[in-house]
Amino acid sequence: MKDILKRLGIGELNQGALTGLNRLDCQGKVLESASPIDGEILARITQADSAAYDRVSQTAVAAFRQWRDVPAPKRGEVVRQIGTAFRERKKDLGALISLEMGKILAEAEGEVQELIDVCDFAVGQSRMLYGFSMHSERQGHRMFEQYHPLGPVGVITAFNFPVAVWSWNAMLALIAGDTVVWKPSSKVPLCAIAANMIAARVVNDCGFPEGLLNVVVGPGEYIGGRLAADSRLPLISATGSVPMGRRVGEIVLSRLGKPLLELGGNNAVIVTPCADLGLAAQAILFGAVGTAGQRCTTIRRLIVQDSIFDRLKEQLISAYRQVKIGNPLEEGVLMGPLVDIKAVEAMRMALEEIGKYGGKLLYGGEVLSGGIYDVGTYVRPCICEVENSYPIVKKETFAPILYMIRYDAFEQAIELQNDVPQGLTSSIFTNDLRESELFLSSRGSDCGIANVNISTSGAEIGGAFGGEKESGGGRESGSDCWKAYMRRQTSTINWSGKMPLAQGIKFGDL
Ligand code: UN1
């Protein structure tokens, strides 16, 4: 463990504010990063204080003034080298993600791969920052739009994807000509410091300014609040819970900045009688138990037709029985710990509430004890039979609780699927074209992501990622999401020698 930290440039005590490779002196309270695996303190961080935050923000502004002048494909070349650097550090960074956050190694390395994929995507995109040209209604006029760098961008990320979500934002921001101020979750500050340093070393070696990629570690209410209120940052991208998004969104909008919100989900999978149940069970296992149920895309609800309900239930229970729970660094383990004891408590309280409403616990749900489990962060994933109408089912509990809900007629399944405040991801298992097309139609799923015969989780980076309703409305990562990080400018050039007005207005000739 010590070797991994050392190779990643993490000391025993680290500064919580970095401008590139430059570690600023911080005066904030010391934060301990404890591993959820065994409670061991991995390292300490002196959190950013007000003066450190200001220096970071100023440095990001100064760096932006230089970076915006670098041609976009050249910016892409820096990101290409950043991708190479992460390829070389994949094993170490993956191990640190497992240690600090608790996801299994295969998933942690998958997360680093997601970061690398985003780099590759951004490199290509750096040569494709296209604007339209439009035909002017006036003779001898040319009208077009172009995309300019936006400014320093604030990025707030959650604990569950300690590096990938930063990369969705940061790599596109970089090719767009923006600089980045990253406020990671205080549960995984070391991953952020390590990842930012890997990328910043490349920036440095390429001769670009230190303030392109910056990190500030500190409490959400304070440092997150400062970031959101900082009018030097035109865009604040925030990933996390709905209450966090609401607070950040309000602060950003009150200064008329741009919020880009990717918040909680309450993702459902509909399983219809003609579905391939074996396929469905396999996808549900990964979707519900993967990352110990701590993805915003985790399958939370299964909406299953009455006639196949019991069969699927049995298949799932027998699959759940085979899930090995333990140290996420060990081979064969499929589920590590929850991120901390607070998360375990939230799961326990949700299960209590389900019981009160008359929900049935079908499998699991225990807090495990004995040996490594004694740290208190290990639980058994669980399956419950519930009604969609229970208030607890409408909330996102960030834990491996899978709700099974019965439906009768197909239209009812879609209604149930949409009848929650969130709208992130959704999917259907069916071999009936009419069912899947209805699900994907305007009368179907109301989510930002709607899949057929695959899980709600594990999205590829090439698509636009994000959701509707309380899930925040933002889109990040692939497709045309780069546009959010740029300033769109419409230009009309008059080369006619005359001054005709639009809409045919006559206003007197001089
Ligand atoms: C998140 O949980 O915030 O689709 C993001 C997925 C991942 C991203 C999840 N690619 O599950």
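Indexing begins at 1, ligand by ligand and atom by atom, following the structure's order. Quick note: residue numbers are just sequence positions, from 1.
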Point to revise | Reference residue R301; test side chain to side chain contact (heavy atoms under 4.5 Å, CB included); the match among L402, N388, T456, I401 | key: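 Of the listed options, the one satisfying the test is N388.
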**Study point:** Atom NZ of K394: over 12 foreign heavy atoms under 6.0 Å
**Key:**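 Atom NZ in K394 is crowded, with more than 12 foreign heavy atoms closer than 6.0 Å.
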Review point. Got more than 12 heavy atoms from elsewhere within 6.0 Å of CZ, R127?
Key: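 Not more than 12 within 6.0 Å, no.
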Is there a polar contact, in the sense of an N or O pair closer than 3.5 Å, between [X] and ligand 1?
X: V165; result: no
X: T239; result: no
X: C296; result: yes
X: R295; result: yes

Point to revise | E114 side chain to S167 side chain, donor-acceptor N/O pair below 3.5 angstrom | key: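 Distance-only check fails for E114 and S167.
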Practice item. Assess the side chains of N267 and T425: does a donor N or O sit below 3.5 Å from an acceptor N or O? Key: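 Side-chain D/A pair, N267 to T425: present.
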Going by the atom numbers of ligand 1, which of them fall below 4.0 Å from some non-hydrogen atom of [X]?
X: T297; value: 4 (O), 6 (C), 11 (O)
X: E262; value: 3 (O)
X: A459; value: 4 (O), 6 (C), 10 (N)
X: W168; value: 5 (C), 8 (C)

Review point. What is the closest protein heavy atom to atom 9 (C) of ligand 1, and at what distance does it sit?
Key: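 Atom 9 (C) of ligand 1 sits closest to the protein heavy atom F161 CE1, 3.6 Å.
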Exercise for review: Can you pull out the closest protein heavy atom to atom 6 (C) of ligand 1? Residue, atom name and distance to 0.1 Å, please.
Suggested key: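 Ranked first by proximity to atom 6 (C) of ligand 1 is G458 N, 3.2 Å.
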Review point. Quick one: do R80 and E77 make a salt bridge, cutoff under 4.0 Å?
Key: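 Salt bridge flag = yes for E77 with R80.
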Check your understanding: Under a 4.0 Å heavy-atom limit, does I461 contact ligand 1 with its side chain, its backbone, both, or neither?
Key ->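 It is neither; nothing of I461 touches ligand 1.
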Check your understanding: Any idea which part of E114 is under 4.0 Å from ligand 1, heavy-atom wise: side chain, backbone, both or neither?
Key ->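 The answer is the side chain.
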Check your understanding: When R295 is tested against each of E111, E396, E107, E262 for salt bridge (Lys or Arg N to Asp or Glu O under 4.0 Å), which residue passes?
Key ->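 Only match with R295 under salt bridge (Lys or Arg N to Asp or Glu O under 4.0 Å): E107.
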Point to revise | Close aromatic pair by centroid cut-off 6.0 Å: Y147 and W482 | key: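 So the answer is yes for these two rings.
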